[in-house]
Novice: 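Please see the structure below; I have some questions.
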Amino acid sequence: MQQSSSLPERNSQIDEKPFLTTIEHLRYQLWLESNLNKLQIRLQDYLISVATTSGIATEAEIFQIVVNELHTALSDSLISFTQCIVAIALFEPQQIVGQISYISHSSSLTPSLEIIFQTEQRLTLRLNKSINLNDVQQMEMQKYQRAWYLFENPQGIKGWLIINTSNFSPDCKLLKDAFLPLKLQLITKAGENCRAALAQLLQIQSSQQHYQHLANFNQELERTNQLKNQFLANTSHEIRTPLSSIIGFTHLLLAQGYEPDKARHQEYLQIIQSSGKHLLGLINDILDLSKIEANQLEVQWEIIDIFTLCRNVLALVKEKAANKGLTLRLEIEADIKNIIADPLRLKQMLLNLLFNAIKFTIKGTVGLEISSQDRFLRFTVWDTGTGISCEDQSRLFRPYSQVVNPAAGRNEGTGLGLVVTQKLAEIHGGYLELESVVNQGSRFSILLPLKPTGKVLTAIETTAEYDLQVVSHPCADDSVTSSPVILLVEDDLPNGELIGIYLRRLGYQVTWVKNGAEMLNSLEEIEPTVILMDVSLPDANGLNLVQQLRENPKYQYIPIIAQTAMAMKGDRERCLAAGVNEYISKPIDLQLLASLVDKYSKFVYKGNAENP
């Protein structure tokens, strides 16, 4: 549809024969100018009011002013209309059915008015009534135009002005024809004023948003400044306390002369050591947050044995829990073994949560639960402590914020532990959850992905890219027409993902199976260059499978590398006696694995049919 804010040419002409006397013409010109002035004044007054007060600027008031002023003008006794209705119809982007969203207030006396088209179709104008775009277009093209395209806002919403003036007195045909150009001028100018007001409104809204943004920014700066001042005060106290102990007890030892056999001197040293560790922890929290925010924190990705890690973590908090008479619990789902993460940072996250749980628990239990959830591993630290109110939860993960500890009667630490924990979880591709009920306890959960994604995946690939420069493998040989195929037999998800991603990045084709039955089925379909065999499988012993393969002439000479957690004396010999070519213990040294796979891939590609 051709949209235009100007009047159709057919409606802008006045018959050559004058119908009005000079005085009547001046009366109608004054009527036009007066009504346009009233409309402009009303719009400007509204825009000034929202610009100079804290009021929220909206389009609705502008539209209502336009329809009301037009209704007042067209209902003037000078015109002799018996009925008049003014409305604005709005259409959402790409929609052909809109709605009468604004209608003149005085239309409550005539809540609806029918428009009759040339096809005898009748359309009733009523507030909130649906209206079809085709009907609006017909009204726009009629001889006596009743619809005008008004605007399109930044959101793509379009508006049409709809005016129906009807039922001149029977003896007013002359007036009706003569007044039409002035009526059209009024509507055209009203549309221009409306668009100008909307443009000014956008500027006001932009200014209001800008000022609001500045106000919010200033409030945030003020809040951050207050928190930092509080942080500096707390940190100063926290740092001075252990330093006083270190300096004071060191002075006593120097003054008295250190005697290792004296119990008192041993106690002094233990206090010095404990204070030094506490001081180191405070400094590490501050440095870690600074490194994270500067994107300079170094992360080392490894396959971590979950049970070993959790046992070591609980050992570090055992004494602190015992001093408060608290019970520690550890629960790990049976099928959970490993995860790919930075062992130091994962331990740091768990220790932060465990120390917090112990700090806020006066009596009862602190526990650590490990469970799987969809594609994530959930580490949950729970307690029977004081709990955290909803208000405190909302600010708990803000830097430098601290929750008052009823168990201690004062704030302790830097207020950075939870912030650092949350950011470390995000670096691992996971997130942190909190559930808490006042006086019943809290549950903090770290959710880390089982399958490498994001930065973890990038780090593994970066390691492989580096190793490509160190280890030469068959894929780099121009004489090789296809990549070697590696059959990976591994039931552990993190191990399988890590090795698969790493070897594929080096250029190998990797087929990953999770048990002995899948391995035998795969050997019917592929001819692997090398088999990586996990010794402990859910349905078979890996060494027994190796012996079974060696007894079959078809698979007798396929190189097999055993990968296992067996690292005791004699385990390597047992693996080699079963028929494997090489042995590599877990956690897997990726570069060593790459060199072994490279060695046996080259051997097979050279066509040597003998077992090396």
Side-chain angles (χ1 to χ4, degrees), residues 230 234-235 237-238 241-242 245 267 270-271 273-282 284-285 306-333 336 346-371 378-398 400-422 424-425 432-447:
Q230 181 182 349
N234 290 341
T235 304
H237 175 272
E238 290 292 320
T241 299
S245 297
E267 183 180 348
Q270 289 176 2
I271 293 173
Q273 184 185 48
S274 176
S275 298
K277 288 181 178 179
H278 178 57
L279 185 60
L280 180 62
L282 296 173
N284 284 339
D285 277 348
I306 298 296
F307 179 77
T308 302
L309 176 79
C310 293
R311 184 179 58 188
N312 292 340
V313 166
L314 289 180
L316 293 174
V317 301
K318 183 179 180 180
E319 182 179 357
K320 198 173 188 68
N323 290 339
K324 296 187 69 174
L326 302 178
T327 302
L328 287 178
R329 288 185 182 175
L330 173 62
E331 299 177 21
I332 304 176
E333 287 185 0
I336 293 176
L346 179 54
K347 183 184 294 185
Q348 180 181 356
M349 287 188 278
L350 293 176
L351 284 174
N352 280 343
L353 297 183
L354 284 167
F355 279 128
N356 271 353
I358 293 171
K359 182 168 65 175
F360 284 87
T361 304
I362 300 173
K363 62 179 180 179
T365 306
V366 171
L368 173 59
E369 294 178 359
I370 320 298
S371 60
R378 177 185 285 270
F379 298 81
T380 299
V381 174
W382 60 272
D383 62 67
T384 57
T386 57
I388 306 168
S389 68
C390 294
E391 181 182 356
D392 286 337
Q393 288 183 39
S394 64
R395 60 187 180 86
L396 198 58
F397 297 98
R398 295 177 185 173
Y400 316 113
S401 292
Q402 290 182 290
V403 175
V404 176
N405 182 7
R410 65 178 183 85
N411 292 341
E412 298 176 342
T414 61
L416 298 178
L418 283 177
V419 179
V420 170
T421 300
Q422 184 182 46
L424 287 176
L432 195 61
E433 286 185 349
L434 166 61
E435 299 175 26
S436 186
V437 178
V438 175
N439 297 326
Q440 294 186 26
S442 304
R443 295 176 66 88
F444 286 85
S445 296
I446 304 168
L447 286 91

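If you're wondering where the values come from, they're calculated on a predicted model, not measured in any experiment.
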Novice: Distance check, rounded to the nearest 0.5 Å: Thr421 atom OG1 versus Asn352 atom CG?
Specialist: 3.5 Å
Novice: Starting at CG of Asn439, measure out to OG1 of Thr384 and round the result to the nearest 0.5 Å.
Specialist: 11.5 Å
Novice: Are the side chain of Ser445 and the backbone N or O of Thr380 linked by a donor-acceptor pair below 3.5 Å?
Specialist: no
Novice: If you measure from SG on Cys310 to CG on Leu368, what distance do you get to the nearest 0.5 Å?
Specialist: 4.5 Å
Novice: Taking salt bridge (Lys or Arg N to Asp or Glu O under 4.0 Å) as the cut-off, I'd like each qualifying pair that reaches into residues 435-444, sequence neighbours left out, listed once.
Specialist: Glu369-Arg443
Novice: Is there a donor-acceptor pair under 3.5 Å between the side chain of Lys324 and the backbone N or O of Thr361?
Specialist: yes
Novice: Report the distance from atom CG of Leu447 to atom CZ of Phe379, rounding to the nearest 0.5 Å.
Specialist: 9.5 Å
Novice: Would you give the length of the straight line joining atom CG of Leu346 to atom CG of Leu424, rounded to the nearest 0.5 angstrom?
Specialist: 9.5 Å
Novice: Please assess Arg329 against Val366 for the test side-chain contact (heavy atoms from CB on, under 4.5 Å), listing each intermediate value before the final yes or no.
Specialist: CA-CA 6 Å; Arg329 288 185 182 175; Val366 171; over 6 Å; no
Novice: List the residues meeting side chain to side chain contact (heavy atoms under 4.5 Å, CB included) with Asn356, not counting sequence neighbours, and say none if there are none.
Specialist: Lys359, Leu418
Novice: With a 4.5 Å heavy-atom cut-off, do Leu353 and Ile446 have their side chains touching?
Specialist: yes
Novice: Looking only at heavy atoms, which two atoms of Gly387 and Ser442 are closest? And how far apart?
Specialist: CA-OG, 3.6 Å
Novice: Of all residues at least two apart in sequence or in a different chain, which pass the side-chain hydrogen bond (donor to acceptor under 3.5 Å, both in side chains) check with Ser389?
Specialist: Asp392
Novice: Do Phe360 and Asp383 make a side-chain contact, defined as non-hydrogen atoms from C-beta onward lying under 4.5 Å apart?
Specialist: no
Novice: With sequence neighbours left out, what residues match Glu433 under salt bridge (Lys or Arg N to Asp or Glu O under 4.0 Å)?
Specialist: Arg378
Novice: Please report, to 0.1 Å, the donor-acceptor pairs under 3.5 Å made by any side chain of residues 312-323, with sequence neighbours excluded.
Specialist:
from: Asn312; atom 1: ND2; to: Thr308; atom 2: O; distance (Å): 3.3
from: Asn323; atom 1: ND2; to: Glu319; atom 2: O; distance (Å): 3.3

Novice: How long is the span from the CG atom in Leu434 to the CZ atom in Phe444, to the nearest 0.5 Å?
Specialist: 4.5 Å
Novice: With side-chain contact (heavy atoms from CB on, under 4.5 Å) as the test, would you mind laying out the steps for Phe307 and Ile332 before giving the verdict?
Specialist: CA-CA 8 Å; Phe307 179 77; Ile332 304 176; 3.9 Å; yes
Novice: Would you please name every residue forming a side-chain hydrogen bond (donor to acceptor under 3.5 Å, both in side chains) with Glu333, sequence neighbours left out?
Specialist: Ser372
